[in-house]
Amino acid sequence: EDFLPDMDQSLSEAGIPVSERPMKAARFFVDHLILEVAGDTKEDYQGKPWFAAIFMPVQDWYKRRYGEAQLHPNVSLAGVVEHYGALYLLRIPLVVTRPVGDGTCWLTFAKDVLPGEEPTLWIVNGPSIEHIRPKPLAKLKEKASGTTARLRGIANDLKTADLPEGSARSMAISVLRHLDKAASDICALDREATSLAMWELNLACEKCMKAYLTQEGITYPMTHDLRALNKLAPTKHDWSEVKGALAAFPSEARIMKWRYQQITSPTMNELWRFYQVAMQICSIYAGRMSRTYVLDNFALHLSRPPWLGLFLGVFSHGFYLSFVLDIC
């Protein structure tokens, strides 16, 4: 504990997220402060039982300093589902964990709705599922599954696209944050939030288009006009579906008026329709980006570190997921 405050300050100044700091701090201790291990070596130390004596106290210190949520953030994305004209928030996991009885765990970076998943269970403050009649419930499940599959697909396609590290890749990944923010604003049910949701949806489409154009080596103007950007897309693809979708999406001028609260906020029906159109546009553009590797529902079967079994009563599978991702 004498070392950790200064070490954490250095990690903070380096811009390291809190969730990654415990493992980095523990590895620093072993790499630079431990000179010798009696009866053993430091080779491949992350898989050795004695590493628990370093990692667990460091993890506990960080938990006290920042809290559980900062250490193990949810790998999820907000979406929207419609039911009888009301709009509800979906909290969609992008990484699915499936513990196995032998102590191992499957991690799947999902692109679709996986077998055994029920997206209606991810509705935040939603209707009472058990009281919905069969036909409306089937429609609700279809809409929740559709939003889940489309958002997971967009996330997968953007993260696997061949984009150089730097502004182009950051811009592409930020599409997910705009879709996430738009979903939260749409479901906030107040005038200011729903008006800003349209700006977030426009930004998501705009950045997805610009990331694609960058990959194609096409220079684009500094504009928020989606129709102007779509006209720059190369003719090797048929863009008629996007053109049709844009015909149902508000103009740049109308989006800007909503952004500055100059016109009445969109209705619930409009928000649901525009949200679906934005997802469609992002899905098409992200899907047409070139990629070296296609990782549809890519899964890893991971073993548990040998010392982890000594502490299973202390933390949850969420901790295990965070620990494994830290190592990766």
Spacing of [atom1] belonging to [X] relative to [atom2] belonging to [Y], to within rounding of 0.5 Å:
X: Y66; Y: W61; atom1: OH; atom2: CH2; result: 6.0 Å
X: L176; Y: L94; atom1: CG; atom2: CG; result: 7.5 Å
X: L201; Y: D185; atom1: CG; atom2: CG; result: 9.0 Å
X: L90; Y: W122; atom1: CG; atom2: CH2; result: 8.5 Å
X: Q59; Y: M23; atom1: CD; atom2: CE; result: 8.0 Å
X: C187; Y: E82; atom1: SG; atom2: CD; result: 11.0 Å

Counting only heavy atoms not in [X], do more than 12 fall under 6.0 Å of its [atom1]?
X: E43; atom1: CD; value: no
X: D31; atom1: CG; value: yes
X: R133; atom1: CZ; value: no
X: N125; atom1: CG; value: no
X: Q262; atom1: CD; value: yes
X: E192; atom1: CD; value: yes

*Mind running salt bridge (Lys or Arg N to Asp or Glu O under 4.0 Å) on E241 and R288 for me, showing each step along the way?*
CA-CA 13 Å; E241 187 178 356; R288 290 181 178 177; 5.4 Å; no
Regarding [X] and [Y], is there a side-chain donor-to-acceptor distance under 3.5 Å anywhere?
X: S240; Y: D238; result: yes
X: Y285; Y: N230; result: yes
X: R150; Y: Q276; result: no
X: D162; Y: T292; result: yes
X: D40; Y: Y45; result: no
X: S265; Y: R191; result: no

So do [Y] and [X] actually touch side chain to side chain, heavy atoms under 4.5 Å?
X: C208; Y: L158; value: yes
X: L121; Y: I129; value: no
X: Q70; Y: Y62; value: no
X: K207; Y: N202; value: no
X: L232; Y: P221; value: yes
X: L271; Y: M198; value: yes
X: V30; Y: R27; value: no
X: R291; Y: D157; value: yes

Grouping I, L, V, M, F, W and Y whenever their side-chain heavy atoms are under 4.5 Å apart, do [X] and [Y] come out in a common cluster?
X: L203; Y: Y220; result: yes
X: L196; Y: V277; result: no
X: V96; Y: V113; result: no
X: M256; Y: I263; result: yes
X: W272; Y: Y84; result: no

*Test I173 against K159 for side chain to side chain contact (heavy atoms under 4.5 Å, CB included), laying out the working first.*
CA-CA 7 Å; I173 300 302; K159 291 180 178 180; 3.6 Å; yes
*side chain to side chain contact (heavy atoms under 4.5 Å, CB included) assessment of R65 paired with R21*: CA-CA 12 Å; R65 188 177 181 93; R21 294 182 200 174; over 6 Å; no
*Run the numbers on I255 and F249 for side chain to side chain contact (heavy atoms under 4.5 Å, CB included), then give the verdict.*
CA-CA 10 Å; I255 293 286; F249 199 74; 4.3 Å; yes
For residues [X] and [Y], report the shortest heavy-atom separation together with the two atoms involved.
X: L71; Y: P22; result: CD2-CG, 3.9 Å
X: A211; Y: A172; result: CB-CB, 3.9 Å
X: Y275; Y: G79; result: OH-CA, 3.3 Å
X: T223; Y: E206; result: O-OE2, 3.4 Å
X: R227; Y: S251; result: NH1-CA, 3.8 Å
X: V58; Y: A25; result: CG1-CB, 4.0 Å

*Let me see the working for K24 and D8 under salt bridge (Lys or Arg N to Asp or Glu O under 4.0 Å), right down to the final yes or no.*
CA-CA 10 Å; K24 289 186 180 295; D8 185 56; over 6 Å; no
Keeping [X] on the side-chain end and [Y] on the backbone end, is there a donor-acceptor pair under 3.5 Å?
X: R152; Y: D112; answer: yes
X: Q215; Y: S290; answer: yes
X: W258; Y: T264; answer: yes
X: E270; Y: T267; answer: yes
X: D296; Y: K111; answer: no
X: K48; Y: T41; answer: yes
X: D180; Y: A78; answer: yes
X: W239; Y: P234; answer: yes
X: T104; Y: V100; answer: no
X: K42; Y: I34; answer: yes

